[in-house]
Amino acid sequence: MPELPEVETTRRGIAPHLLGQRVRAVVVRNPRLRWKVPVALVTELPGQTVRAVERRAKYLLLRADNGTVIVHLGMSGSLRIADRSDPAGRFDHLDLVLEDGTCLRLRDPRRFGSVLWTRGPPADHVLLRNIGPEPLTAGFDGMYLYTRTRRRTAAIRDLLLNARIVAGIGNIYANEALFQARIRPSRRAGRLSRPECGRLVAAIRGTLTRAIKAGGTTLRDFRKADGAPGHFQHTLYVYGRAGKRCRRCAAQIRALHIGQRRAFYCPHCQH
DNA sequence: AGTGCGGCCTGTCCGC
DNA sequence: TGCGGACAGGCCGCAC
């Protein structure tokens, strides 16, 4: 679900509402997320001011004076700014109540998401420590991808999903970027040429940048911080389009299973 | 070290 | 109309 563009869209949406505000309380209705919501979040965050709202991979980092809230939206999570008095729904598991009467509300039907608390630098947190470069920064280029894929036998689609190789890419954008780069998702990563790696990096950058501009992809659960859906789903070339016509050449888009997860490609455009 | 799978959850859709 | 099964945007932890 929320991949880099959706998390970035969320970050941009919530940041203006949080920055410089004091957290009045943390309301946990259901602590049973992927990892149990730590008690320290409830005891240590209230009274502190939010100083920065950052993103690393698919994690949101809410930096306060005495620590950082680490939020992951899992498969079905979304964050929105709500009025404190708005009734919480069945899946609204947690609120950060702010001093102006609003709250940051986490909704997550599947509860694959997480809300954690760390006192030290978040980059040192065990979940963030081994994550690879951000795809929209200079550290991620064709030479890097070429080097990291050598002698790897896994499908390139799966290496794009591997956060140790590159941060923030999920199944939608892996498939879309591979289409743009004209590379089949099932190709063994180690068999990609140097120019193909360059094309793929450019395609990843372009796809993610356009998706952020569109406010992300809403297939079902994702919502922006104001509750509105993103609209990149109307621009998808392959993801979820099995049996439909390729927007570029009109061939039928195919789906296949790589491991447990579906991959989509155009048999004419991609090799 | 790299690869591939199971499992965590709920909702939705499809075939029978 | 109901039921079982497959599937869904992520990712850790494990066995090999």
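Predicted model, so just to flag it, every value in this text is computed and none were measured. The chains referred to below are lettered A, B, ... by the order of the sequence lines, with proteins before strands, and numbering in each begins at 1.
Of the two residues near DNA chain B, A:Asp158 and A:Arg34, the one whose nearest nucleotide lies more 5' is A:Asp158. Each of A:Gln260 and A:Ala154 was matched to the nucleotide of DNA chain B holding its nearest heavy atom; the match closer to the 5' end belongs to A:Ala154.
For A:Arg262, the listed nucleotide lying nearest its side chain is C:dA8; candidates were B:dG4, C:dC12, C:dA8. For A:Glu3, the listed nucleotide lying nearest its side chain is C:dG10; candidates were B:dT10, C:dG10, B:dT12. The side chain of A:Arg152 sits closest to B:dT3 out of B:dT12, B:dT10, B:dT3.
At the heavy-atom level, A:Thr153 lies under 4.0 Å from the strands shown only through sugar-phosphate atoms. Residue A:Arg164 is classed as having no contact, given no heavy-atom separation below 4.0 Å to the nucleic acid. Residue A:Arg111 is classed as a sugar-phosphate contact, given heavy-atom separations below 4.0 Å to backbone atoms only. Among the heavy atoms of the strands, none lies under 4.0 Å from A:Phe232.
Nucleotides B:dA1 and C:dC11, compared at atom P, are 23 Å apart to the nearest Å. Taking the P atoms as reference points, B:dC5 lies 16 Å from C:dA6, given to the whole Å.
Here C:dT1 sits opposite no nucleotide as a Watson-Crick or G-U wobble pair (both hydrogen-bonding atom distances under 3.5 Å).
Between C:dC11 and A:His72, a contact under 4.0 Å exists linking OP1 or OP2 to a side-chain N or O. Between A:Arg90 and B:dG11 there is a side-chain N or O to OP1 or OP2 distance below 4.0 Å.
Where stacking is scored as ring centres under 5.5 Å apart with planes under 30°, A:Phe112 registers as stacked on the base of B:dC8.
In terms of hydrophobic clustering, with Ile, Leu, Val, Met, Phe, Trp and Tyr side chains grouped at heavy-atom distances under 4.5 Å, A:Val69 and A:Tyr59 are assigned to different clusters.
Using a 4.5 Å heavy-atom threshold, the side chains of A:His271 and A:Ile183 count as separate.
The 12-atom threshold is exceeded at CZ of A:Arg150, counting heavy atoms of other residues, nucleotides or ligands nearer than 6.0 Å. Atom CZ of A:Arg191 has 12 or fewer neighbouring heavy atoms from other residues, nucleotides or ligands inside a 6.0 Å radius.
The pair A:Asp95-A:Arg29 counts as a salt bridge, with a side-chain nitrogen and a carboxylate oxygen less than 4.0 angstrom apart.
Atom pair A:Met75:CE and C:dC11:C1' shows a separation of 10 Å (rounding to whole Å applied). Between the CG atom of A:Asp221 and the C1' atom of B:dT12 there is a distance of 11 Å, given to the nearest Å. Atom-to-atom, CZ of A:Arg150 to P of B:dG2 comes out at 14 Å; the value is rounded to the nearest Å.
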